[in-house]
Amino acid sequence: MPVLSEDSGLHETLALLTSQLSPDSSHREEVGFLRDVFSERSLSYLMKIHEMLRCYEQQSPSPVLHSAVALAEDVVEELQAASAQAHSDERELLQLLATPHLRAMLMVHDTVAQKSFDPVLPPLPDNIDEDFEEESVKIVRLVKSKEPLGATIRRDEHTGAVVVARIMRGGAADRSGLVHVGDELREVNGVAVLHKRPDEISQILAQAQGSITLKIIPATQEGDRFKESKVFMRALFHYDPREDRAIPCQEAGLPFQRGQVLEVVSQDDPTWWQATRVGDTNLRAGLIPSKQFQERRLSHRRAAGTLPSPPSLRKPPYDHPCDSETCDHDGHLKGHYVAGLRRSFRLGCRERPAGLQDGKAPAGCEALELPTYEEVARYQPQPGERPRLAVLIGSLGARLQELKQKVVAENPQHFSVAVPHTTRPRRGQEKEGVEYHFVSRQAFEADLQHNRFLEHGEYKDHLYGTSLGAVRAVVAKNKVCVVDVEPEALKQLRTSEFRPYVIFVKPVVQEKRKTPPLSPAWEDTSGPLGLNSGPCTCEADGAPQS
Ligand code: 5GP
C-alpha cells in the first residue's frame with residue numbers, strides 16, 4: 001500500500017484516498033459519492049490553488065510598494081504629457097491603466113499591502129460569563145452597514161424569550177453564519193432585551209451602525225440550515241407586502257410586479273418563501289407568499305366573491321392577523337404568521353365540461369386556474385436541438401388559420417402544421433394522415449380522457465382536435481410546428497420538450513374608410529420567426545420556459 005510522507009500535498013493525499021476507495025457492498029453509494037466529489041475538476045483546481053498559495057506563503061512575500069495606485073497615476077500623467085509623440089506601446093499602457101478592472105486591482109493590492117482591513121472589531125468583554133453562569137452564551141459581533149440585519153424576531157409565547165424567527169437568505173445575519181433560527185436574543189449592544197417590546201428591539205437593531213454586539217443563547221437545535229433551493233418562478237400577480245396583512249414582517253417582504261421572474265432561495269417555510277428578483281443587485285432575499293398559500297388566499301377570495309376587488313373590502317380568513325414577527329427595520333409592524341397551511345385546493349383536472357362545444361377548447365380544464373406563480377427555467381439553446389414550437393394566440397379577428405396557412409405556404413421546408421384528428425368520415429379525395437387522422441369517436445374520446453389533445457371541438461356532430469402526438473410528429477421532422485390554441489392550452493405546451501415561442505396576434509382595428517385601401521389586405525409585420533401576418537400584429541414571448 002502506498003505511503004504518504006509528511007510532505008505529501010493535499011492533491012496526492014486525495015488522489016491516494018480515491019485509489020483506496022474500494023466499493024464495499026454496504027457503502028457503495030457513499031463511496032460512489034466520494035469518488036465523484038474527489039474527481040471533480042473544480043476540486044482539483046481548488047487543490048492546485050491551495051498548494052500554490054502554500055508555496056507562496058512559505059516564501060513570506062512582502063509588498064514591493066504600498067501605493068501602486070499612486071504610481072499608476074504618476075505613470076498615466078507622464079504618458080499623457082508625452083502623448084503627442086507616444087509609441088503604440090505607450091498608448092496601450094495608457095489605455096490599460098485607465099481600465100476600471102486594473103484600477104480596482106491596484107486598489108485591492110494597496111489595501112492588502114497596507115493591511116488596512118476595516119473595520120477592526122473591539123475585543124470581547126471579559127465579564128461575559130458572570131451574567132450567564134448557567135447558560136452557554138454566544139457573543140456575536142457583526143459589522144452592520146445601513147442594510148438591515150436580515151433576521152426577524154418573535155416573542156416565545158411560553159417562555160417570553162425573544163427568539164430569532166427567521167434568517168433572510170443573503171442578508172447580513174445569514175452571511176455571518178453566526179445567528180440561527182431559534183437563538184434567544186438577550187442583549188443588543190449591552191442593552192437587555194428580555195423585557196422590551198419587539199418594536200423597541202427592532203428600533204435598537206435598526207439604529208445600530210458599525211459594530212453590533214449580540215448576546216445570544218444558541219438554539220438547542222440548528223433549525224435554520226438552508227436547504228438548497230434554486231427554483232425560478234414567474235409571478236402571475238402583482239405583490240406589495242405593505243398591502244399584505246398576513247405577512248409576518250412587512251419590512252422583510254419582497255415587492256414584485258406581475259411577469260417578474262423570482263429566484264426562490266428557500267421554501268423551508270411552506271407559507272412564506274424567501275426569494276430575490278432575478279436581475280436585482282440586492283442579493284438579500286425577501287419574503288413572498290408561497291404558491292400554496294397564495295392559491296388558498298385566492299380561492300377563498302374567489303369563493304367570497306372578492307377576487308378582483310381590493311382585499312380590504314372583505315377579509316378572508318387567511319388575511320387575518322395571527323402571530324407576529326419583528327425585523328430590524330424602522331417602524332412597528334402588525335404582521336402575522338400563518339403557518340402550517342397545507343395545500344388542499346386543486347382543480348380536478350380530469351373533470352371535463354359535459355358537452356363538447358363548437359370551436360376550440362383547451363384539453364385541460366384549467367380555466368379556473370389561480371394566477372400565482374409558474375415555474376420557469378432559463379432557456380439556453382443547444383446546438384442541434386429540435387426546433388421550438390410556434391404558438392399563435394389571438395382573438396377570432398386575428399384570422400389565425402389564414403396566418404398559419406400563409407406561413408407554411410411561404411416556407412414549407414421550415415414550417416408545418418399538425419395533422420388534426422376527426423371523427424367525421426373521410427371524403428372522396430382525402431387521405432389518412434394528410435388532411436386528417438380519421439378515427440372513431442370512441443378512440444377520440446379515449447385520447448381525450450388521457451389528455452392527449454391540445455385542443456378539440458365539435459362541429460356538426462363530429463369531433464375535431466389537434467393531438468400532442470401530431471405536434472411531435474412535425475417536430476420530429478425538424479420543422480417548426482405552428483399551432484393556434486386558446487390561451488388555456490398554453491399550459492400543456494410550456495414544457496422543456498416544446499419550448500414554445502408564443503406569439504400574440506392582435507387584429508388591427510381598421511378605421512372605417514369610404515374608399516378601399518390601396519395596399520393589399522396583408523400587412524407585412526415580419527416577426528423574429530419571419531412570420532408575415534395578416535391584418536394583425538404580433539407580440540412574441542420568447543421568455544424562459546418551464
Ligand atoms: P371539415 O369537416 O369541413 O374538414 O372541417 C369542418 C370544421 O372543423 C372546420 O371549419 C374547422 O372549424 C373544424 N376543424 C378542423 N380541424 C380542426 C381542429 O384541429 N380542431 C378544431 N377544434 N376544429 C377543427
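Between the side chain of Arg284 and the backbone N or O of Gly170 there is no donor-acceptor pair closer than 3.5 Å. With Arg277 contributing its side chain and Asn282 its backbone, the two residues share no donor-acceptor pair below 3.5 Å. Remark: the backbone N or O of Arg186 is not paired with any side-chain donor or acceptor of Lys215 at under 3.5 angstrom. Proximity of a side-chain donor or acceptor of Thr111 to a complementary backbone N or O of Met107 within less than 3.5 Å is detected. A donor-acceptor pair under 3.5 Å is formed between the side chain of Arg169 and the backbone N or O of Val265.
The minimum heavy-atom distance linking Ala476 with Arg386 is given by the pair CA-NH1, 3.8 Å. Listed here is the closest heavy atom pair of Pro248 and Arg166: CG-NH2, 3.5 Å. When all heavy atoms of Pro371 and Leu298 are compared, the closest pair comes out as O-CD1, 3.6 Å. Considering all non-hydrogen atoms of both residues, Val164 and Ile153 come closest at CA-CG2, 4.2 Å. Scanning both residues, Phe293 and Pro289, for their nearest heavy atoms gives CD2-CB, 3.9 Å. The minimum heavy-atom distance linking Arg499 with Arg388 is given by the pair O-NE, 2.8 Å.
Put simply, the side chain of Pro500 reaches to within 4.5 Å of the side chain of Arg494, judged on heavy atoms. Contact of the Glu57 side chain with the Leu53 side chain is not registered, since no non-hydrogen atoms from C-beta on lie closer than 4.5 Å. No side-chain heavy atom of Val264 sits under 4.5 Å from any side-chain heavy atom of Tyr373.
The OG atom of Ser290 lies 9.5 Å from the CE atom of Met233; values are rounded to the nearest 0.5 Å. With rounding to the nearest 0.5 angstrom, the CD atom of Glu263 is 11.5 Å from the OG atom of Ser266. With values rounded to the nearest 0.5 angstrom, Ser176 atom OG is found 7.5 Å from Ile167 atom CD1. Interatomic distance, CG of Leu65 versus CG of Leu71, reported as 6.0 Å (0.5 Å rounding). Annotation: the span from Met52 atom CE to Lys48 atom NZ amounts to 10.0 Å, rounded to 0.5 Å. The CG atom of Leu214 sits 10.0 Å away from the CZ atom of Arg141 when rounded to the nearest 0.5 Å.
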For the pair Val502 and Phe504, evaluate side chain to side chain contact (heavy atoms under 4.5 Å, CB included) and give the outcome as yes or no after the intermediate values.
-> CA-CA 7 Å; Val502 183; Phe504 175 67; 5.9 Å; no
Apply the test side chain to side chain contact (heavy atoms under 4.5 Å, CB included) to residues Leu178 and Leu142: give CA-CA distance (whole Å), side-chain angles for both, the deciding distance (0.1 Å), then the verdict.
-> CA-CA 9 Å; Leu178 299 170; Leu142 300 169; 4.3 Å; yes
Please walk me through it: do Leu287 and Met168 pass side chain to side chain contact (heavy atoms under 4.5 Å, CB included)?
-> CA-CA 8 Å; Leu287 290 183; Met168 304 311 293; 3.7 Å; yes
Go through the steps to decide whether Thr372 and Leu236 satisfy the test side chain to side chain contact (heavy atoms under 4.5 Å, CB included), and finish with yes or no.
-> CA-CA 5 Å; Thr372 56; Leu236 303 178; 5.6 Å; no
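Residues satisfying the side-chain contact (heavy atoms from CB on, under 4.5 Å) test with Glu90, not counting sequence neighbours, are Leu79, Ala86, His87. Partners of Leu106 by side-chain contact (heavy atoms from CB on, under 4.5 Å), not counting sequence neighbours, listed by chain and number: Ala68, Val69, Ala72. The side chain to side chain donor-acceptor pair (under 3.5 Å) check on Gln294 picks up Arg297, with sequence neighbours excluded. Partners of Phe38 according to the side-chain contact (heavy atoms from CB on, under 4.5 Å) rule, which considers only residues two or more places apart in sequence or in another chain, are Leu14, Leu17, Thr18, Leu21, Leu34, Leu43. Legend: residues meeting ring pair (Phe, Tyr, Trp, His ring centres under 6.0 Å) with Tyr239, ordered by chain and number and at least two apart, are Phe256. Under the side-chain contact (heavy atoms from CB on, under 4.5 Å) criterion, Arg472 pairs with Leu468, Glu497, Phe498, sequence neighbours left out.
More than 12 heavy atoms of other shown residues, nucleotides or ligands fall within 6.0 angstrom of atom CD in Gln114.
Partner of Leu262 under the side-chain contact (heavy atoms from CB on, under 4.5 Å) criterion, chosen from Leu254, Val278, Thr276: Leu254. A side-chain contact (heavy atoms from CB on, under 4.5 Å) with Ile217 holds for exactly one of Val137, Asp183, Leu185, Val163; it is Val137.
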